[in-house]
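As structure tokens, the structure follows; a few thoughts come after it.
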Amino acid sequence: MSKDTRHLVRAGALLVVGVVVFLLIRQVLVPRSFGEYGYYRGENVQEWASLPLTFSDTSSCNQCHAPVYAQWHSSPHVAVSCENCHGPGIAHIETGAKLTIPEARELCLVCHERLFSRPANFPQVESVAHAGDVECTACHSPHSPAIGGTPPASQTPTAGQTPIATDTGPTSAFPLIPHPLEGRATCSLCHRVEAGLVPLSQSHAGRTDDICLACHQQRKP
Amino acid sequence: MNLSRRQFLKGGAATLGGVALLSSPMAYALRNSTKTEAPPETKLEQYDWEKHYYAFAVDTTKCIGCGKCVVACKLENKVPPDPEHTRTWVERYVITEEQEIFVDSPEAGMEGFVQPQMNLKYQGLAISESFFVPKLCNQCEKPPCVQVCPVAATYATKDGVILVDQKRCIGCRYCIQACPYGARYLVPDGDVTPNGYSRVADKCTWCYHRVVKGHPPACVEACPVGARVFGDMRDPQSPVREILRHSRVYTLKPSLGTKPKVFYIGLHFGVV
């Protein structure tokens, strides 16, 4: 070999060794799927994509809670998903884990307490003036909050479903009281849910005597 | 052997080209690489990320500041429960008659804004306007966070979402500094991401695991007033396309050239 090819061979060999070493190190350090789609580890996309869900879709609750679902579906709360109030539902559906029954007052007021920053056309109340200490659910069903609204047509629980209390009463908003109130402060003497002299519909479940007059006024003589 | 300098360089270049080839992109369709365990839903296999390009719209004229989106996000994505580490949050803007602007986000908005102590400081002010602005990652078309990552641990997917490869992330916080929207945080010690990592960068993924299976992001599902809208720019029927067609929209800090994909309706100039 001549003098000026020997150093080329040496440099070439060095380059080959360098490339081989580089490839080996690269093989070890660079993850398998790096560069598959771009300058990142391709497998990571799949890792994110295959994470399990926690929240279901509200339509899935219909399978087992049809009566509540129907009531909710024709109420102003149709925009509020079941899981918004009851928490994530996948575990409940798949393993039967218990869902929470939320503490209503706090729950309702997060959305309905009057705030100067809320859009004015959203229904809001000054909670203290509106309800005092009374639970919101005494007067409003969370699944059908409008008072005196039309109850949905079909609410009979079907076989295999959890029976659920539903709003099935007539719908003339706030009937007036036709009789005097003297000596009749304890309304429940005569008016009880599906009992008493003049029975009340299921919409009145949980309503106590102290709140009757918030909705019913006496008929003007 | 009589190798010219030119030939030598050519050879070297070819070798280097070969090395470069090894890292070139190959197939584009999303490949199922976790072969050991069955994916939760079959739909994922049929998902083609080239057919989607996601976008988000926020209607600030509808937001009621209930913070349910923040709560839902934390539950869906195992985000630490404290307000400092969060993927999304709700800001309250209060603008006085003198055009003085106040911004706050007590508890990141997740308790709503109803507690009396959250409203004390605005008592007696002459308020001309006030509204809520939900914030989240803008999934920029030109993301500064991706540019600065020294270990290629953050990237944009073909369907337009910026993700963090938390296995590669070294927790250097460059991306957190680079994000002009404050959308990233470092997972604190003791908390783990859904992928099982701690002390790494984390951010909103637009609930990538939900959207590739056809579900809306958790915050969108939770919003009771439709203030958060998610959609696909490749679908002409998508609600986001509808909004872009019919509303005047604005993006945050447009002058930075990041090209955000979160479009806001009804923003005041004071919102940054």
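Throughout, a chain's letter reflects where its sequence line sits, starting with A, and its residues are numbered from 1.
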Donor-acceptor pair, A/W48 side chain versus B/V164 backbone, under 3.5 Å?
yes

Quick check on the interface: out of B/N195, B/V211, B/T157, who has the most heavy-atom pairs with chain A under 4.5 Å?
B/N195

For residues A/T58 and B/E221, report the shortest heavy-atom separation together with the two atoms involved.
N-OE2, 3.7 Å

Separation between CZ of A/R41 and CZ of B/R168, rounded to the nearest 0.5 Å
8.0 Å

Side chain, backbone, both or neither: which part of B/V225 has a heavy atom under 4.5 Å from chain A?
side chain

Is there side-chain contact between A/N84 and B/V71, with at least one heavy-atom pair below 4.5 Å?
no

I'd like to verify something: which residue of B/P224, B/A222, B/G112 has the highest number of heavy-atom pairs under 4.5 Å with chain A?
B/P224

Okay, A/S127 and chain B: the region with an atom under 4.5 Å from a heavy atom over there is neither

Heavy-atom cut-off 4.5 Å, strictly under: side chain, backbone, both or neither for A/L115 against chain B?
side chain

Side chain, backbone, both or neither of A/Y39 within contact of chain B (heavy atoms, under 4.5 Å):
both

Given heavy-atom pairs under 4.5 angstrom as the criterion, report whether the side chain, backbone, both or neither of B/A153 touches chain A.
neither

Neighbour count >12 (heavy atoms, 6.0 Å) for atom CD, A/E106
no

Would you call the rings of B/W49 and A/Y37 parallel, tilted or perpendicular, taking 30° and 60° as the class edges?
perpendicular

Region of B/R210 that comes under 4.5 Å of a non-hydrogen atom in chain A
both

Check: A/L51 and B/Y208 side chains under 4.5 Å, non-hydrogen atoms
no

Taking A/P31, A/S117, A/P119 one by one, which has the highest count of heavy-atom pairs under 4.5 Å against chain B?
A/S117

Go through B/P216, B/P194, B/C149 and name the one with the most non-hydrogen pairs under 4.5 angstrom from chain A.
B/P194

B/A218 versus chain A, the contacting section by heavy-atom distance below 4.5 Å
side chain

Tell me whether the count of non-hydrogen atoms from other residues, nucleotides or ligands lying under 6.0 Å of CD in B/E141 goes above 12.
yes

Around atom NE2 of A/H140, are there more than 12 heavy atoms of other residues, nucleotides or ligands at under 6.0 Å?
yes

Of the listed B/T154, B/V146, B/I127, the one with the largest count of heavy-atom pairs under 4.5 Å with chain A is B/I127

Kindly say whether A/F55 contributes a backbone atom to a donor-acceptor pair with the side chain of B/E76 at under 3.5 angstrom?
yes

Under 4.5 Å from any heavy atom of chain A, what part of B/N119 do you find: side chain, backbone, both or neither?
side chain

Any idea which of B/E111, B/Q166, B/Q115, B/E129 has the most non-hydrogen atom pairs under 4.5 angstrom with chain A?
B/Q166

Tell me, do B/Y155 and A/N44 make a side-chain contact under 4.5 Å, heavy atoms counted?
yes

What part of B/V161 gets within 4.5 angstrom of chain A, counting heavy atoms only: side chain, backbone, both, or neither?
neither

If you count the non-hydrogen atoms of other residues, nucleotides and ligands that lie under 6.0 Å from CD in B/E97, is the total more than 12?
yes

Counting only heavy atoms closer than 4.5 Å, note whether B/T61 contacts chain A via side chain, backbone, both or neither.
backbone

Using non-hydrogen atoms only, which part of B/C223 is less than 4.5 Å away from chain A: side chain, backbone, both, or neither?
backbone

Residue by residue, which of residues 63-70 of chain B have a heavy atom closer than 4.5 Å to a heavy atom belonging to chain A?
B/C63, B/I64, B/G65, B/C66, B/K68

Non-hydrogen side-chain atoms of A/D57 and B/H215 separated by less than 4.5 Å:
yes

Between NE2 on residue B/H209 and CD on residue A/E47, distance to nearest 0.5 Å:
14.5 Å

